[in-house]
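The structure appears right after this line, and notes come after that.
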There are 2 protein chains.
Amino acid sequence: MRVRLEDVARAANVSPKTVSRVLNDEANVTEATRQRVRAAMEAMDYRPHPSARSLAGNRSFLVAMLYDNNDNPSSTYLAEIQDGVLEACDAHRYSMMVRPLRMRDGDFIRRFDALISDHHPDGVVLTPPLTDYAPLLKRLRERNVPYASVSPLRKGKTLGVTMDEQQAARAIVDHLLALGHRRIAHVIGIANHGASRWRLAGYRDAMAAAGIPEDPALVVQGAFTFASGVAAARQLLSLPTRPTAVFAANDDMATGVMWAAGEYGLKVPQDLSVCGFDDTPLSRQLWPALTTVQQPSREMGKMAAEQLLGELRNHGSGRLVQVPFSLQIRGSTAAAP
Amino acid sequence: MRVRLEDVARAANVSPKTVSRVLNDEANVTEATRQRVRAAMEAMDYRPHPSARSLAGNRSFLVAMLYDNNDNPSSTYLAEIQDGVLEACDAHRYSMMVRPLRMRDGDFIRRFDALISDHHPDGVVLTPPLTDYAPLLKRLRERNVPYASVSPLRKGKTLGVTMDEQQAARAIVDHLLALGHRRIAHVIGIANHGASRWRLAGYRDAMAAAGIPEDPALVVQGAFTFASGVAAARQLLSLPTRPTAVFAANDDMATGVMWAAGEYGLKVPQDLSVCGFDDTPLSRQLWPALTTVQQPSREMGKMAAEQLLGELRNHGSGRLVQVPFSLQIRGSTAAAP
DNA sequence: TAGCAAATTGACAGCGCTGTCATTCCTGCC
DNA sequence: GGCAGGAATGACAGCGCTGTCAATTTGCTA
């Protein structure tokens with residue numbers, strides 16, 4: 001029934017060990033032999049048994065993706081990253097498991113340990129905000145588990161992917177400035193996310209460069225959710241002199257701002273320009289469509305996984321790569337009234 | 001370093017096989033022995049090696065969750081189901097893998113076969129619309145892979161979870177009728193989802209029971225997305241005599257309807273009542289909050305997985321369970337104007 | 001109290017692969 | 001032409017567990 005490595009070996013007239021070598025792309029196999037073995041594998045539709053490989057080779061061909069579904073309300077973002085990670089794992093014939101792990105939980109490390117002991121992943125992909133949770137990083141190093149991060153805050157010797165979010169945020173605020181806006185508000189994201197800090201920093205950079213002193217009333221705290229965007233906007237739009245533009249730290253909050261603008265009888269973009277960050281599918285579906293920064297989440301998940309897999313293959317090859325951003329100028333921003 | 005079953009056996013002064021029996025909850029072990037072995041496992045923090053178990057026992061302790069990320073735009077819904085499935089798998093010490101599989105792709109079955117051959121899942125959890133994709137179900141049976149479905153359309157000998165969506169839809173339309181509405185519109189979901197049919201059927205049941213003949217102009221096609229809700233609402237609100245209430249087949253579309261109402265200068269709920277289906281987090285964040293049907297997605301994922309795992313443990317024990325729904329009457333519905 | 005069936009326990013092989021190390025096969029060079 | 005040295009290949013054990021079946025113990029009955 002099942003085709004085993006031994007069967008392939010017999011068909012190709014070589015020893016099982018040689019088939020194993022071909023399977024694992026090892027050196028010291030003549031090209032002719034390699035071809036012959038590959039042909040036999042193909043012809044017999046051979047599929048190595050992952051458990052056998054794992055048991056004998058002492059590795060699992062498993063990558064675990066960790067996320068915190070408590071402090072990360074945007075399931076769309078996570079879903080896209082997950083898709084990307086999965087794609088990369090698939091291409092390299094690794095399997096992937098996902099794992100919610102809540103930083104707020106007291107037994108975080110115990111759960112993490114259990115994950116490692118139970119499943120022996122060869123490596124781990126970290127998503128915000130876990131990318132910078134010190135106890136986790138410490139434990140990963142102690143247990144000698146390679147990991148790659150998506151958008152880590154601290155960029156040391158970490159593997160993974162980043163985007164220059166600060167530059168991106170600055171660019172989008174520059175866009176608002178270029179449209180003549182001066183009273184530009186910012187809605188901050190969840191505090192412990194690097195994203196929140198960078199986007200705020202980019203906002204400040206742009207404002208400072210334009211010579212506009214910061215008005216504390218225009219910088220309000222949000223939480224990356226639609227509801228927090230609505231609340232923040234209500235606060236901003238109730239101001240004696242309200243802003244003419246709002247840069248929200250993500251699209252969900254920007255949508256909330258647009259919603260709230262409706263409540264106040266303000267037209268977007270005529271009365272209020274609004275922009276977000278992430279370029280979620282939602283942003284294109286709104287009317288007017290949302291001006292935002294394209295963050296290629298799926299691609300970032302894929303690249304992070306690829307760095308990890310590269311590192312697993314030949315130690316030391318993993319890097320921290322940076323992906324480019326691009327502004328998506330759409331209907332929600334216009335010249336200042 | 002690693003604690004093996006053999007080590008536990010030595011510590012408990014029994015044979016490895018007996019430890020294995022305890023590990024797998026097999027019969028024919030005296031309670032005293034069982035306790036002794038359990039104590040030893042506990043004391044040594046023994047973790048069975050999944051690959052070894054899998055290889056020797058010819059099972060993988062793996063559940064694959066299949067989804068179609070093409071025809072299923074609501075990542076929130078999938079994320080919740082995934083969380084639920086994961087929770088159940090965890091509790092039973094199974095691992096879970098997720099797998100996007102697009103019905104539209106020509107090589108669907110080939111990909112599915114590859115999944116099974118490569119990973120040997122002990123069972124599969126199906127999410128809509130895969131729950132009713134005939135070629136997939138056929139292949140699952142041919143390959144003898146047990147599966148459980150979340151909200152399957154056809155309820156035969158299928159294992160899994162359902163909700164009486166038709167009753168639920170009827171209940172929510174009854175709610176609108178009780179508020180005095182007569183011109184009630186419905187926005188349908190994606191065609192090949194059971195959910196779309198049931199919700200439409202429930203709408204019709206309620207209208208018929210109230211003696212209101214169906215007005216075809218009031219029943220428009222949507223696609224479960226926010227944008228499709230906006231489009232559908234524009235169509236409805238442009239009608240010579242527009243509806244006083246809209247029942248959208250899910251919350252995302254209902255949100256689109258509320259959005260479009262704003263465009264037309266209509267106040268919700270004073271001028272237009274809107275209700276959705278699913279009780280996504282979004283529905284509570286809107287203002288006014290959305291009247292909707294609570295569909296416990298996370299719980300449903302968990303229960304589907306539990307039926308599957310039960311079936312795996314003792315063949316024949318899996319069932320098709322039904323979860324109750326509940327209306328969430330909130331601010332988006334009010335008496336007819 | 002012997003005698004027998006059922007319950008409990010254990011010995012042993014083997015799941016399908018890879019690591020280690022031995023063996024064979026080539027090269028190129030004196 | 002013979003030989004060193006490296007490249008290619010293979011033999012074999014064993015990864016950590018479970019299935020099979022045999023051995024032993026237990027609990028009953030007569």
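Throughout, a chain's letter reflects where its sequence line sits, starting with A, and its residues are numbered from 1. Values reported hereafter were calculated over all heavy atoms of this structure, with side chains retained and with hydrogens, waters and symmetry mates removed.
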What pairs of nitrogen or oxygen atoms, one from the protein and one from nucleotides 25-28 of chain C, lie under 3.5 Å apart?
none

Next item on the list: Using the side chain to side chain donor-acceptor pair (under 3.5 Å) rule, take B:Y46 and B:R4 through it: C-alpha gap first, then chi angles, then the decisive distance, then the call.
Entry: CA-CA 7 Å; B:Y46 169 68; B:R4 289 154 310 149; over 6 Å; no
Checklist line | Residues forming a salt bridge (Lys or Arg N to Asp or Glu O under 4.0 Å) with A:D113, sequence neighbours excluded | finding: A:R139, A:R143
Check: Given the rule in the side chain to side chain contact (heavy atoms under 4.5 Å, CB included) test, do A:D107 and A:F112 qualify, once you have shown the distances and angles that lead to the verdict?
Finding: CA-CA 9 Å; A:D107 57 353; A:F112 169 75; over 6 Å; no
Checklist line | Residue pairs fulfilling side chain to side chain donor-acceptor pair (under 3.5 Å) with at least one residue in residues 53-66 of chain B, sequence neighbours excluded | finding: A:S51-B:S54, B:N24-B:R53, B:N24-B:R59, B:S60-B:D122
Note to self: Run the ring pair (Phe, Tyr, Trp, His ring centres under 6.0 Å) test against B:F61 and tell me which residues pass, sequence neighbours left out.
What the structure shows: B:Y94
Notebook entry, point to check: In chain order, what residues pass the salt bridge (Lys or Arg N to Asp or Glu O under 4.0 Å) check against B:R298, with sequence neighbours excluded?
Noted result: B:E87
Item checked: Taking every non-hydrogen atom, the tightest pair across B:L66 and B:T127 -> O-OG1, 2.8 Å
Note to self: Just by distance, no angles: are the side chains of B:N69 and B:R102 close enough, under 3.5 Å, to form a donor-acceptor pair?
What the structure shows: yes
Checklist line | Close approaches to DNA chain D from residues 39-56 of chain A, in residue order (heavy atom, under 4.0 Å) | finding: A:L55, A:A56
Note to self: Is there a side-chain contact between B:T33 and the phosphate of C:dT9, meaning an N or O under 4.0 Å from OP1 or OP2?
What the structure shows: yes
Next item on the list: May I have the distance from B:N13 (atom CG) to C:dG10 (atom C1'), rounded to whole angstrom?
Entry: 12 Å
Item checked: For A:P152 against A:L320, the heavy-atom pair lying closest together -> CG-CD1, 4.2 Å
Notebook entry, point to check: Can you name the closest pair of heavy atoms from B:S149 and B:T131 and give their distance?
Noted result: CB-CG2, 3.5 Å
Note to self: Could you work out, with salt bridge (Lys or Arg N to Asp or Glu O under 4.0 Å) as the rule, every residue matching B:R38, not counting sequence neighbours?
What the structure shows: B:D25
Check: Hey, are A:Q35 and A:E31 close enough side-chain-wise for a donor-acceptor pair under 3.5 Å?
Finding: yes
Next item on the list: Please work out whether the ring planes of A:H120 and B:H49 are parallel, tilted or perpendicular, with thresholds of 30° and 60°.
Entry: parallel
Notebook entry, point to check: Does anything in residues 14-29 of chain B reach DNA chain C, meaning a heavy atom under 4.0 Å, and if so which residues?
Noted result: B:V14, B:S15, B:K17, B:T18, B:R21, B:N28, B:V29
Notebook entry, point to check: Between the two ends of the helix from C:dT1-D:dA30 to C:dC30-D:dG1, what is the bend in degrees, rounded to 10 degrees, where each end axis spans five pairs?
Noted result: 40°
Next item on the list: For residues A:L159 and A:Q307, report the shortest heavy-atom separation together with the two atoms involved.
Entry: CD1-O, 4.2 Å
Check: Hey, are B:R99 and A:D90 close enough for a salt bridge, meaning a charged N less than 4.0 Å from a carboxylate O?
Finding: yes
Margin query: Just to verify, what does B:N13 make a side chain to side chain contact (heavy atoms under 4.5 Å, CB included) with, not counting sequence neighbours?
Written below: B:R36
Checklist line | Distance-minimising heavy-atom pair for A:M300 and A:T162 | finding: CE-C, 4.0 Å
Margin query: With heavy atoms of chain B within less than 4.0 Å as the criterion, where does contact along DNA chain D begin and end?
Written below: D:dG16 to D:dT20
Notebook entry, point to check: Where along residues 112-119 of chain A does a heavy atom fall under 4.0 Å from DNA chain C?
Noted result: none
